[in-house]
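Here the structure is a predicted model, which means the values were calculated and not measured.
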Amino acid sequence: MLGEVSLWLVEEARKRLKVEVCSVMALDKEKEELIMIASMGLPKEVIAVAHGRVGKGIAGWVASCGEPLLIRDINEDIRFMAGRKKGRYYTDSLLSLPIKEDGEMIAVLNLNNKHDHSPFSEKDLDEAIKLIEEASQRLYSAQIKKLYGEQEKAAQRSELNSIFLFSQKISASLYLSEIMNATSEAISVLLDPEAIIIIILFAQKRIWLFTKGEPTKPLFAKVKNHIEEKFSVLAEKPLPFEFDWTTIKMEDHVPKIPTKKGFSSSISLPLSSGDKELGLVSCLRSTPFTKDELRVFAIITNTASVAIDKAILYQKLEERLDEAKRELLSSEKMTAIGKVAGKVVHDLRNPLAVISLCLYILKDKVKDPEAIIYLDRIETSYNRMDWLCEELCDFERKMQLEKSEIDLHQTLKNSLAFCEHNLTKTEKILALSPEITPILADQRRLEQVFTNIIQNASSSMQEEGILRIETKPLKIEEQDFVRVSFTDTGAGIADEIRERIFEPFFTTRSKGVGLGLSICKEIIEKHGGKIDVESKLGLGTTFNILLPISTEDKLSLQ
């Protein structure tokens, strides 16, 4: 029961608190040890050696005191900073909380590495405590079911009844964790394996490993060899090993250690639905499997395949619904902001026109050199305000493209020439493919995009460095595109900023309103293309733009 609740707990913790790594360590009171029974996001090498003792380390401290622990910066906590120096902890901020049953300590929940790399807060601690309370309630409910389900459990010993209950249980489930638990439970009852491996190939890219014994390094090595061998035979391709591992120790079994030569008997079948390859299921043990057991295993696998396919479809629908909601909210927000921007620009134009006229008259009449300097400053500020008004106008009005057949390379050279005054100390490299043919596009709008990106590169390099502009023809799904890349050797962009640079009104500069790249993105997408950015702090930035050669090729990128 604790193992099943622990799997639910680490999945919910990862989702609700937006952390990369979480684990549950069960308390062995007799040995005063902590043993990992469920984890997500940990490398298999860490899982294999993840043990602790009561009173030692962070989890050991929580197990000893029975109180939750919030560490904002381990480097400033004298109790644990020594462990950090020894390489025991690989994150600065941690949460560790006790899991209790009837007031008695039974396990510890550990949370590390928030997605946004910020330290944990009191709010995170409160959310984690609520999650622990929910887990305790689930554990209590499971105990009640076990108490009153002994007769039902005896009936489930029969093969037919077990398969029926398994099918009934997963047919109503829409979550992978529940399907994995039910599948491993059915296999465990009917086939008594020493280890069960379930691989999911879709976006989740997950490996579930259910074992009777501790998930040790030798066990991981045997499991990995088995997976690579069976997967290449069944799927006719090598296994890409960029997977998240979820390990669960099966309950109500005496731990068994596989032989030194590995598991002497195994059965493996693919998870598939129609022509879709969903994954793989393997059972391993030291005694041979019979033909009847293979038949039972095939029934379980086929039933699980249908449920997994349904769960993946449901998850995709949930993601699309969430994305549609976000886009709707964003669209409504941008429409409102656009109307306000239009009104602001309208109100600014009249006083700006008066300023422009007065400047023209004064510059013609004033001869005092010192006064002329101040007039030049006023003119610079006027030009700045006029440019901001133009940006706001572009954002507010519905963009209309005026397409014609244009020379893309000449368009790039025009933008480069326009920015030349900011690139006098910059080494410019043009790698323009001779295979690029004229494209159908709005030349003025593309020059606006290219100029904006070149100016950003110049600003990032502080006008010194290397700017490389490259064009390359690409064929995507039998359709012709051209990729334009701008690579600079500037300061680079932090991950948290890179994710937001195309948002309207987002800027890190003291000047500007943060509309340049947002408008660039809209222009490229209006052409049926796509723009993205790659960057590393201290190494530079690359903007990649994909443009269709003709309007018929735009649909594949939408």
Side-chain angles (χ1 to χ4, degrees), residues 115-117 203 205 242 319-320 322-324 326-327 330-331 334 394-395 399 401 408-409 411-412 415-416 429-433 436 439 441-442 445-461 465-477 479-509 512 514-549 551 553-558:
H115 288 315
D116 60 2
H117 306 295
K205 286 187 170 56
E242 296 80 16
E319 290 171 356
R320 288 177 185 174
D322 289 342
E323 182 65 25
R326 285 194 295 270
E327 289 179 358
S330 176
S331 175
M334 290 304 106
D394 277 341
F395 178 72
M399 188 179 297
L401 300 182
L408 180 65
H409 289 169
T411 305
L412 282 166
S415 298
L416 201 57
I429 300 174
L430 295 180
L432 307 180
S433 170
I436 302 301
I439 68 171
D442 186 324
R445 289 296 188 180
L446 286 189
E447 285 181 356
Q448 181 181 350
V449 173
F450 299 156
T451 299
N452 188 288
I453 293 175
I454 292 170
Q455 288 175 336
N456 286 346
S458 172
S459 175
S460 176
M461 295 185 292
I466 301 173
L467 174 63
R468 178 183 174 87
I469 302 176
E470 180 182 5
T471 59
K472 183 178 181 180
L474 294 176
K475 190 173 284 290
I476 303 174
E477 297 179 357
Q479 297 177 349
D480 294 318
F481 292 85
V482 56
R483 185 182 68 195
V484 185
S485 299
F486 300 82
T487 301
D488 66 59
T489 56
I493 307 170
D495 289 345
E496 58 270 20
I497 295 175
R498 179 170 51 82
E499 294 173 357
R500 300 188 60 195
I501 60 173
F502 294 110
E503 292 181 11
F505 301 103
F506 176 78
T507 182
T508 59
R509 299 177 183 174
L515 288 174
L517 287 176
S518 173
I519 293 170
C520 289
K521 183 174 185 288
E522 183 180 2
I523 292 172
I524 297 302
E525 290 179 349
K526 284 279 187 181
H527 280 84
K530 186 177 182 180
I531 181 171
D532 60 41
V533 60
E534 302 170 12
S535 185
K536 287 188 177 180
L537 281 175
L539 298 179
T541 300
T542 297
F543 278 88
N544 292 307
I545 296 173
L546 273 178
L547 288 169
I549 300 298
T551 54
D553 291 331
K554 67 181 181 180
L555 294 177
S556 63
L557 288 177
Q558 297 300 320

*Evaluate the side-chain contact (heavy atoms from CB on, under 4.5 Å) criterion for residues Val482 and Ile549: first the C-alpha distance (whole Å), next the side-chain angles of each, then the deciding distance (0.1 Å), finally the verdict.*
CA-CA 7 Å; Val482 56; Ile549 300 298; 4.2 Å; yes
*Student check: side-chain heavy atoms of Leu547 and Phe481 closer than 4.5 Å*: no
_Residue pair Glu525, Lys521: steps toward the side-chain contact (heavy atoms from CB on, under 4.5 Å) verdict_ = CA-CA 6 Å; Glu525 290 179 349; Lys521 183 174 185 288; 2.7 Å; yes
*At what distance, to the nearest 0.5 angstrom, does CG of Leu416 lie from CG of Leu430?*
6.0 Å
*Name all residues meeting the salt bridge (charged side-chain N to carboxylate O under 4.0 Å, His left out) criterion together with Glu499; count only those two or more places apart in sequence or in a different chain, and write none if there are none.*
none
*When you check the gap from the basic side-chain N to the acidic O, do Arg500 and Glu496 get nearer than 4.0 Å?*
no
_Any donor-acceptor N/O pair, Ser460 side chain to Asn456 backbone, under 3.5 Å_ = no
*Kindly compute the distance separating NZ (Lys472) from OG (Ser433), expressed to the nearest 0.5 Å.*
9.5 Å
*Among Ile545, Thr542, Asn544, Val533, side-chain contact (heavy atoms from CB on, under 4.5 Å) partner for Phe486*: Ile545
_I need the Leu517 CG to Asn452 CG distance, nearest 0.5 Å._
5.0 Å
_Whether the side chain of His409 engages the backbone of Ile436 through a donor-acceptor N/O pair (distance < 3.5 Å, no angle test) should be reported._
no
*Measure across Thr471 and Leu432 and return the closest heavy-atom pair with its distance rounded to 0.1 Å.*
OG1-CA, 3.3 Å
*Sequence neighbours left out, what passes salt bridge (charged side-chain N to carboxylate O under 4.0 Å, His left out) with Asp495? Give chain and number order.*
Arg498
*Would a distance-only check, ignoring hydrogens and angles, find a side-chain to backbone donor-acceptor pair under 3.5 Å from Thr489 to Ile466?*
yes
*Contact check, side chains of Val484 and Leu408, non-hydrogen atoms, under 4.5 Å*: yes
*For Asp488, does its backbone N or O pair with a side-chain atom of Thr541 as donor and acceptor, under 3.5 Å?*
no
*Roughly how far, to the nearest 0.5 Å, is the CD atom of Gln448 from the CD1 atom of Ile523?*
4.0 Å
_Holding to salt bridge (charged side-chain N to carboxylate O under 4.0 Å, His left out), I want the full list of residues that pass it with Arg483, two or more places apart in sequence or in another chain._
none
_Apply side-chain contact (heavy atoms from CB on, under 4.5 Å) to residues Ile519 and Val449 and explain how you reach the verdict._
CA-CA 8 Å; Ile519 293 170; Val449 173; over 6 Å; no
*Geometric class of the Phe502/Phe543 ring pair [parallel <30°, tilted 30-60°, perpendicular >60°]*: perpendicular
_Using side-chain heavy atoms (C-beta onward) and a distance below 4.5 Å, is Ile524 in contact with Leu446?_
yes
*Would you mind checking if Glu470 and Arg468 are paired as a salt bridge, meaning a charged N to carboxylate O distance below 4.0 Å?*
yes
_Measuring only between side-chain heavy atoms, which start at C-beta, is Ile493 closer than 4.5 Å to Leu537?_
no
*Minimum side-chain heavy-atom gap Ile429-Ile469 below 4.5 Å*: no
